[in-house]
Number of protein chains: 2
Amino acid sequence: MSALTPDMVILGLLHHKPQHGYDLLACFHDPEQLGRVWKLSTSQIYNVLKRLEQHTYIIGRAIESDTSPARIEYHITALGESQLMAWLNHPYPSASVRKIRVEFISRLHIARLLGHPITPIIEAQRRACEDELSRLQTEREHALFGTYSLVTDLVIGQLGAIMAWLPLCEIEEKS
Amino acid sequence: MSALTPDMVILGLLHHKPQHGYDLLACFHDPEQLGRVWKLSTSQIYNVLKRLEQHTYIIGRAIESDTSPARIEYHITALGESQLMAWLNHPYPSASVRKIRVEFISRLHIARLLGHPITPIIEAQRRACEDELSRLQTEREHALFGTYSLVTDLVIGQLGAIMAWLPLCEIEEKS
DNA sequence: TATCCCTATTCCATCATAGAATAGGTTTAT
DNA sequence: ATAAACCTATTCTATGATGGAATAGGGATA
């Protein structure tokens, strides 16, 4: 269970368009884009870029300019692209409430940006939630009180709300 | 916005009964107790104990024994108790989904353990959620599509599920 | 013409984190 | 009988995350 890092999201943004750290920062700060999804500091972005370059998912090249400070523009590699696609089309995503809130929405955001079909992504998420929900409902029958069942009830409710919300993700933007 | 740490929960457990780190560890690992709420490593418990002692919320004393290894038993101080009570009866708790999942349930767990009334805690949480819900619903009207409104819709759904779940918290354990 | 803000990145100190190391006692198995 | 494995109990260590300061030059503002 890896932690919640924006690596693949940044990879997706770089696939859409080669950019440097400051551009990405703006995207992650803008509430209309990913500002409501991630709360990232400056150094986090640059650390991810460094890591992605180490894995050779991206390559950076220095841009010299008279009008603006030196900057490094990163572009995605073929290896990075295959990693990104694997992440986008993950056949069995996590049904963790937190991951849905952050990772699933990020996946949708990137898929829309790249013009990828979003229906399979939503469908995979729906299946994962459905499975987890029925697992929890079975588990629920064995514990009738206490903190244990309270947590289970809360998560069941949360997954129910997510299942009701998932169809809204299909709605296309009107431009 | 402070991070999610089990400091006050440990303070509550020590108020219930003086204990040492290994005892607390067992409680945080037992799924019937706090195992479903927190995922803590060994060192985290001991770090919190160190921090709480630095703040003089607790005092540790070494216990010598022939049959078991040396250990340090911690007990709460008057200052610690006042901090604990302030946390338990927080008049306006966070309406963050994550904090409810972790902090609110912890508060309930500790209140039950100490024989404190839980109704005011639940009621305060309900008010906070209600306020946040109406704030989000207003906000919702201004953005009609995109990632921004998707996030808002998800959180609205989650808070709705929480409001429906809160009454279940009142139900007493049958022993 | 001094001050502030914007672009753009690096640096730094602190804190969190998981798990290994330690160490003595007890149970289990051969 | 004795090695192996496990339980109690805590500390240590290495890695990495984290937020914010530092840097630095250019342009805008007063």
Side-chain angles (χ1 to χ4, degrees), chain A residues 1-10 13-14 17-30 33-35 37-55 58-75 98-99 102-103, chain B residues 1-10 13-14 17-30 33-35 37-55 58-75 98-99 102-103:
Chain A
M1 181 181 55
S2 57
L4 227 48
T5 81
D7 291 44
M8 289 302 127
V9 187
I10 287 180
L13 293 172
L14 291 179
K17 183 162 72 74
Q19 293 169 75
H20 55 283
Y22 203 75
D23 289 338
L24 296 166
L25 203 60
C27 171
F28 279 98
H29 280 350
D30 177 7
Q33 299 183 60
L34 292 167
V37 185
W38 298 87
K39 300 287 171 198
L40 302 181
S41 67
T42 312
S43 50
Q44 256 175 100
I45 302 266
Y46 289 99
N47 281 338
V48 171
L49 287 172
K50 216 165 281 173
R51 185 165 52 227
L52 290 174
E53 193 171 33
Q54 267 169 17
H55 292 318
I58 61 175
I59 291 172
R61 68 190 175 92
I63 305 266
E64 304 289 334
S65 162
D66 294 339
T67 60
S68 63
R71 61 198 166 185
I72 304 167
E73 195 184 70
Y74 291 93
H75 62 93
R98 186 161 177 69
K99 292 220 170 164
V102 177
E103 260 205 7
Chain B
M1 182 180 57
S2 58
L4 229 47
T5 82
D7 291 43
M8 289 301 128
V9 187
I10 287 180
L13 293 171
L14 291 179
K17 185 161 70 73
Q19 294 171 73
H20 56 283
Y22 202 75
D23 288 338
L24 296 167
L25 203 59
C27 171
F28 278 98
H29 281 350
D30 178 5
Q33 298 183 61
L34 291 168
V37 185
W38 299 86
K39 298 289 172 198
L40 301 182
S41 66
T42 313
S43 51
Q44 254 174 102
I45 302 267
Y46 288 99
N47 281 338
V48 171
L49 288 172
K50 217 165 281 173
R51 185 164 51 227
L52 290 174
E53 193 170 32
Q54 267 170 14
H55 291 319
I58 62 175
I59 291 171
R61 66 191 177 91
I63 306 266
E64 305 288 335
S65 162
D66 293 342
T67 60
S68 62
R71 62 196 166 186
I72 304 167
E73 194 184 72
Y74 291 94
H75 62 92
R98 187 162 176 67
K99 291 220 170 163
V102 178
E103 260 203 6

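Hydrogens, waters and symmetry mates are skipped; everything else that's a heavy atom, side chains included, is used. So that the names make sense, note that chain A is the first sequence line, chain B the second, and so on, each numbered from 1.
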Test of understanding: with side chain to side chain donor-acceptor pair (under 3.5 Å), list the residues that count as partners of [X], not counting sequence neighbours.
| X | value |
| --- | --- |
| A:Glu73 | A:Arg61 |
| B:Gln19 | none |
| B:Gln33 | B:Asp30 |
| B:Asn47 | none |

What protein N or O atoms touch nucleotides 4-6 of chain C N or O atoms at under 3.5 angstrom, if any, and at what distances?
none

List in numerical order all residues of residues 43-52 of chain A for which some heavy atom is under 4.0 Å away from an atom belonging to DNA chain D.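 Here the set is A:Ser43, A:Gln44, A:Asn47, A:Arg51.
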
Between [X] ([atom1]) and [N] ([atom2]), how many Å, whole number?
| X | N | atom1 | atom2 | result |
| --- | --- | --- | --- | --- |
| B:Leu25 | D:dA9 | CG | C1' | 10 Å |
| B:His29 | D:dA9 | NE2 | C1' | 13 Å |
| B:Arg71 | D:dA9 | CZ | P | 5 Å |
| A:Leu40 | C:dT9 | CG | C1' | 16 Å |
| A:Gln19 | C:dT7 | CD | P | 14 Å |
| A:His20 | C:dT9 | NE2 | C1' | 10 Å |
| A:Trp38 | D:dT18 | CH2 | C1' | 15 Å |

Which atom pair, heavy atoms only, marks the closest approach of [X] to [Y]?
| X | Y | answer |
| --- | --- | --- |
| B:Leu13 | B:Cys27 | CD1-SG, 3.9 Å |
| A:Val37 | A:Val102 | CG1-O, 3.6 Å |
| B:Pro6 | B:Leu40 | CG-CD1, 3.7 Å |

Does any part of the side chain of A:Leu34, heavy atoms only, come nearer than 4.5 Å to the side chain of A:Val9, both counted from C-beta?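 Sidechains of A:Leu34 and A:Val9: in contact.
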
Flag the pair B:Ile45 / B:Phe28 as yes when at least one side-chain heavy-atom distance between them is below 4.5 Å, and no otherwise.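 Contact flag for B:Ile45/B:Phe28 side chains = yes.
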
Across the strands shown, which category fits A:Thr5 at heavy-atom distances under 4.0 angstrom: base, sugar-phosphate, nothing?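 A:Thr5: no heavy atom of the nucleic acid under 4.0 Å.
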
Nearest-nucleotide pick for B:Ile72, side chain only, options being D:dT11, C:dA18, D:dG19: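 So the nucleotide nearest the side chain must be D:dT11.
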
